[in-house]
Asker: 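Sharing a structure below in structure tokens format, with a few things to ask.
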Amino acid sequence: MQSLGGIRSWPATWRTTTASMTTTTTESVRKVAQVLTVAGSDSGAGAGIQADIKVCAARGVYCASVITAVTAQNTRGVQSVHLLPPDFVSEQLKSVLSDFEVDVVKTGMLPSPEIVEVLLQNLSEYPVRGRVALVVDPVMVSTSGHVLAGSSILSIFRERLLPLADIITPNVKEASALLGGVRIQTVAEMRSAAKSLHQMGPRFVLVKGGDLPDSSDSVDVYFDGNEFHELHSPRIATRNTHGTGCTLASCIAAELAKGSNMLSAVKVAKRFVDSALNYSKDIVIGSGMQGPFDHFLSLKDPQSYRQSTFKPDDLFLYAVTDSRMNKKWNRSIVDAVKAAIEGGATIIQLREKEAETREFLEEAKSCVDICRSNGVCLLINDRIDIAIACDADGVHVGQSDMPVDLVRSLLGPDKIIGVSCKTQEQAHQAWKDGADYIGSGGVFPTNTKANNRTIGLDGLREVCKASKLPVVAIGGIGISNAESVMRIGEPNLKGVAVVSALFDQECVLTQAKKLHKTLTESKREH
Ligand SMILES: Nc1ncnc2c1ncn2[C@@H]1O[C@H](COP(=O)(O)OP(=O)(O)O)[C@@H](O)[C@H]1O
Ligand SMILES: Cc1ncc(COP(=O)(O)O)c(N)n1
Ligand SMILES: [Mg+2]
């Protein structure tokens with residue numbers, strides 16, 4: 001933590017008794033940033049504990065959770081609330097605080113004074129590292145209008161919890177309740193509320209303006225005791241705002257846990273809410289007026305999402321595009337790809353070394369649509385960014401491109417990764433790094449790739465023998481010599497990849513059909 005000061009009354013030496021159990025600092029051990037959220041469960045998973053855990057996961061921070069209440073809740077509202085017994089909240093707090101090295105405690109729904117009391121008690125018994133930050137989101141009313149914590153908690157909040165907080169994040173209604181019902185309907189009134197709340201003892205105050213009437217911007221007011229900052233963002237027109245408050249507070253907690261200062265944490269959190277709302281503005285979950293949003297910016301429409309499972313036999317007739325050849329024959333990439341698929345290509349790779357990024361991206365998106373509607377996988381050569389942006393099925397990389405293990409971590413477990421290998425060592429490494437297939441060559445001399453060493457059929461055989469992965473042969477292969485390649489008879493040699501033989505030709509469709517026939521016949525014979 002940087003200079004937050006932490007919860008000021010907590011002694012710094014608490015860990016001495018447990019230090020021997022927890023500090024096994026060898027070089028291979030990584031301590032990760034950790035938040036503890038003390039909040040209510042939302043069965044609809046848009047707000048509360050569920051939102052907090054999603055935010056922390058999305059921001060790279062571990063999140064432990066102490067549940068104060070269980071709500072029966074959906075996008076229509078809160079149907080019922082069940083408070084956990086204070087003793088059991090206390091048990092949970094002890095379990096987490098006696099074991100985890102929590103960096104930040106974040107509170108959400110604290111529904112009764114007794115529960116606030118056990119929280120305060122535990123925080124004083126387990127003063128986490130003495131430098132922990134406390135983020136208090138004084139949840140009182142759900143966006144749908146249901147009371148989650150009544151006025152009975154106001155005095156213990158004002159007198160004992162707020163003075164310990166590093167930051168409090170009330171919305172306008174909560175700020176008003178904490179200040180005894182003052183009117184807050186303008187940014188000027190939010191500023192004066194922030195100032196009054198600061199006098200209750202928190203180090204920083206953020207009054208959130210998501211629910212401010214009649215504002216085209218969504219404005220939050222931040223006060224550090226000296227200076228105000230207004231954080232503006234365009235108000236997003238969406239029903240999916242359930243959980244924005246919990247998300248904002250948890251994101252602040254996550255950023256603090258990673259070592260951020262308070263103002264940066266708040267700015268990042270505001271931007272995080274903004275991009276999640278933007279991404280999710282049109283999604284439909286539930287039938288009510290308060291929909292959840294997507295913290296990971298990754299929810300998929302089941303209709304458009306067809307998981308492309310890679311089968312080694314897809315390597316049978318592998319078409320690799322080339323921008324120079326398309327230019328020469330006055331074809332678009334899209335037309336070239338269509339013709340190749342119609343002629344029998346079983347997988348497509350876009351290899352556009354000279355294309356402008358914006359133009360390439362648009363073409364790649366069109367090719368994804370064509371390939372997907374034909375059940376053919378589409379890979380992008382080298383350009384991981386393009387592959388992610390157009391949601392291609394995967395990438396093909398060379399030995400001097402981004403390493404396969406890194407590509408895997410960027411693309412995730414479901415994407416196809418191919419890698420070019422000339423040697424047995426490279427083939428071993430490809431397997432270890434999580435590649436799906438190997439492209440091996442150049443088998444024959446070729447003009448497509450400058451300064452490329454030819455490995456011949458013997459080199460191809462060696463790579464196949466050393467490889468646990470399926471292999472596709474590449475380099476100078478066409479109708480005249482495809483059969484000789486397949487004849488080496490290695491069981492994991494699944495097909496040939498071609499560039500000129502398809503695309504440096506007057507008619508891509510005719511050549512693809514011919515090559516497909518040749519390969520099918522040679523497969524029948526061997
Ligand atoms: N429609 C919206 N467009 C953009 N930002 C929003 C919108 N609604 C809420 N926010 C932002 O979400 C965060 C949570 O604010 P708010 O909704 O006021 O809190 P709560 O959910 O506790 O009522 C704030 O940063 C606020 O500015
Ligand atoms: C368990 C729980 N905690 C907090 C909120 C507030 O969420 P929001 O005001 O964003 O709807 C909620 N609805 N449920
Ligand atoms: Mg809200």
Side-chain angles (χ1 to χ4, degrees), residues 37-53 55 65-84 106-111 115 135-149 167-177 184 187 190 193 206-213 215-222 229-252 265-281 286 288-293 295:
T37 172
V38 183
S41 161
D42 168 8
S43 54
I49 287 279
Q50 288 82 356
D52 299 344
I53 292 175
V55 173
S65 53
V66 164
I67 299 181
T68 55
V70 182
T71 69
Q73 189 172 179
N74 58 22
T75 61
R76 296 178 200 153
V78 181
Q79 287 79 47
S80 180
V81 177
H82 173 72
L83 269 57
L84 266 74
K106 178 249 158 188
T107 66
M109 179 177 174
L110 299 173
I115 286 176
V135 175
V136 173
D137 183 21
V139 172
M140 291 176 202
V141 185
S142 75
T143 313
S144 58
H146 199 102
V147 174
L148 298 169
I167 184 164
I168 61 168
T169 62
N171 62 24
V172 284
K173 280 183 221 146
E174 290 152 355
S176 165
I184 309 176
V187 174
M190 286 167 72
L206 183 72
V207 179
K208 300 173 294 188
D211 304 329
L212 202 66
S215 61
S216 64
D217 280 5
S218 160
V219 189
D220 300 344
V221 171
Y222 175 88
H229 293 262
E230 282 178 21
L231 297 113
H232 288 252
S233 63
R235 180 175 294 278
I236 298 159
T238 176
R239 67 186 264 280
N240 301 321
T241 58
H242 175 56
T244 46
C246 306
T247 298
L248 189 83
S250 289
C251 192
I252 293 171
V266 170
K267 285 182 175 171
V268 169
K270 171 96 171 142
R271 212 176 293 144
F272 179 80
V273 171
D274 223 37
S275 39
L277 288 183
N278 245 320
Y279 180 86
S280 318
K281 58 179 183 288
M289 291 308 294
Q290 281 295 315
F293 55 92
H295 298 85

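For ligands, and for the atoms within them, numbers begin at 1 and follow the listed sequence.
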Asker: Is it the side chain (CB and beyond), the backbone, both or neither of Asn171 that lies under 4.0 Å from ligand 2, heavy atoms counted?
Answerer: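 The answer is neither.
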Asker: Which is it for Leu277 and ligand 1 at heavy atoms under 4.0 Å: side chain, backbone, both or neither?
Answerer: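 Answer for Leu277: side chain.
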Asker: For atom 25 (O) of ligand 1, which candidate among Thr247, Asn240, Asp220, Asp274 holds the nearest heavy atom?
Answerer: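 Selected option, by shortest heavy-atom distance: Asp220.
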Asker: Short list, please: which atoms of ligand 1 are under 4.0 Å from a heavy atom of Ser218?
Answerer: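 Counting from 1, the qualifying ligand atoms are 4 (C), 5 (N), 6 (C), 10 (N), 11 (C), 26 (C), 27 (O).
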Asker: Which of the numbered atoms in ligand 1 are below 4.0 angstrom from a heavy atom of Lys270?
Answerer: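 Listed by number with element, the hits are 25 (O), 27 (O).
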Asker: Working note: Leu110 + Val38, criterion side chain to side chain contact (heavy atoms under 4.5 Å, CB included); need CA distance, chi angles, decisive distance, verdict.
Answerer: CA-CA 8 Å; Leu110 299 173; Val38 183; 4.0 Å; yes
Asker: Which heavy atom of Gln290 sits nearest to which heavy atom of Thr241, and what is that distance?
Answerer: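 Result for this residue pair: OE1-OG1, 3.5 Å.
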Asker: Does Ser41 have a non-hydrogen atom less than 4.0 Å from ligand 2?
Answerer: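 Judged by the 4.0 Å heavy-atom criterion, Ser41 does count as contacting ligand 2.
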Asker: Based purely on interatomic distance, does Glu174 place a nitrogen or oxygen under 3.5 Å from a nitrogen or oxygen of ligand 1?
Answerer: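 There is no such contact.
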Asker: Mind running side chain to side chain contact (heavy atoms under 4.5 Å, CB included) on Val70 and Leu84 for me, showing each step along the way?
Answerer: CA-CA 7 Å; Val70 182; Leu84 266 74; 3.6 Å; yes
Asker: Just to be sure I read this right, does ligand 1 sit under 4.0 Å from the backbone of Leu248, its side chain, both, or neither, counting only heavy atoms?
Answerer: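 For Leu248, the contact with ligand 1 is made by the side chain alone.
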Asker: Under 4.0 Å from a heavy atom of Thr244: which atoms of ligand 2 are those, numbered in the order shown and with their elements?
Answerer: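 Reading through ligand 2 atom by atom, the close ones are 10 (O).
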Asker: Rounded to the nearest 0.5 Å, what's the gap from SG on Cys246 to CG on Asp42? Could you check?
Answerer: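 Atom-to-atom, Cys246:SG and Asp42:CG are 8.0 Å apart.
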Asker: Verify side chain to side chain donor-acceptor pair (under 3.5 Å) between Ser218 and Lys208, making sure each step is shown before the conclusion.
Answerer: CA-CA 8 Å; Ser218 160; Lys208 300 173 294 188; over 6 Å; no
Asker: Val273 heavy atoms, cut-off 4.0 Å: which ligand 1 atoms fall inside?
Answerer: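 Under 4.0 Å from Val273, ligand 1 has these atoms: 12 (O).
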Asker: Only heavy atoms of Val139, strictly under 4.0 Å: list the atoms of ligand 2 that pass.
Answerer: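 Numbered from 1, ligand 2 contributes 4 (C).
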Asker: Which ligand 2 atoms does Ser142 reach within 4.0 Å, using its non-hydrogen atoms?
Answerer: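 Reading through ligand 2 atom by atom, the close ones are 13 (N).
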Asker: Any atoms of ligand 1 less than 4.0 Å from a non-hydrogen atom of Lys208? List them with their elements.
Answerer: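 Here the atoms of ligand 1 in question are 14 (C), 15 (O), 18 (O), 19 (O), 20 (P), 22 (O).
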Asker: Quick check: do Tyr222 and Lys267 have side-chain heavy atoms less than 4.5 Å from each other?
Answerer: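 The answer is no; the side chains never approach within 4.5 Å.
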Asker: In this structure, which one of Leu206, Asn171, Val55 forms a side-chain contact (heavy atoms from CB on, under 4.5 Å) with Leu248?
Answerer: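 Answer after filtering Leu206, Asn171, Val55: Leu206.
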Asker: Going by distance alone, is a donor N or O of one side chain under 3.5 Å from an acceptor N or O of the other, for Asp137 and Thr169?
Answerer: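 Yes.
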Asker: Is there a side chain to side chain contact (heavy atoms under 4.5 Å, CB included) between Val66 and Thr37? Walk through the geometry before answering.
Answerer: CA-CA 6 Å; Val66 164; Thr37 172; over 6 Å; no
Asker: Report yes if His242 has an N/O atom closer than 3.5 Å to an N/O atom of ligand 2; otherwise report no.
Answerer: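 Such a contact does occur with ligand 2.
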Asker: Does Cys246 have a heavy atom less than 4.0 Å from any atom of ligand 2?
Answerer: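 It does, in that a heavy atom of Cys246 comes within the 4.0 Å cut-off of ligand 2.
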Asker: Looking only at the side chains, is there a donor atom on one of Asp220 and His232 sitting less than 3.5 Å from an acceptor on the other?
Answerer: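 Absent: no donor and acceptor within the cut-off.
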Asker: In Å, rounded to the nearest 0.5 Å, how long is the span from CG of Leu148 to OG of Ser142?
Answerer: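 Spacing of CG (Leu148) from OG (Ser142) equals 5.0 Å.
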Asker: Using distance alone, determine whether Gln73 and ligand 2 share an N or O pair under 3.5 Å.
Answerer: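 Looking only at distances, the answer is yes, because the N/O contact criterion of under 3.5 Å is met.
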Asker: If the contact criterion is a heavy-atom separation under 4.0 Å, does Gly243 count as touching ligand 2?
Answerer: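 Per 4.0 Å heavy-atom rule, Gly243 contacts ligand 2.
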Asker: Numbering the atoms of ligand 1 from 1, which are under 4.0 Å from a heavy atom of Asn171?
Answerer: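 Answer for ligand 1: 18 (O), 19 (O), 20 (P), 22 (O), 23 (O).
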Asker: Considering Ala276, Gly245, Gly210 one by one, which has a heavy atom nearer to atom 21 (O) of ligand 1 than any of the others?
Answerer: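 The option holding the nearest heavy atom is Gly245.
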Asker: Which atom names give the shortest non-hydrogen contact between Gly46 and Pro292, and what distance separates them?
Answerer: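 Of all heavy-atom pairs spanning Gly46 and Pro292, the closest is CA-CB, 3.8 Å.
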Asker: State the atoms of ligand 1, each with its element, that fall below the 4.0 Å cut-off from a heavy-atom position in Arg235.
Answerer: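 Atoms satisfying the 4.0 Å criterion: 1 (N), 3 (N).
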Asker: Return the minimal non-hydrogen interatomic distance between Gly210 and Arg235, and the atom names on each side.
Answerer: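 What the structure gives for the nearest pair is O-NH1, 2.8 Å.
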Asker: Which of the numbered atoms in ligand 2 are under 4.0 angstrom from any heavy atom belonging to Gly40?
Answerer: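 Every atom of ligand 2 under 4.0 Å from some heavy atom of Gly40: 1 (C).
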Asker: At under 4.0 Å between heavy atoms, is it the side chain or the backbone of Asp211 that contacts ligand 1, or both, or neither?
Answerer: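 For Asp211, backbone and side-chain atoms both sit under 4.0 Å from ligand 1.
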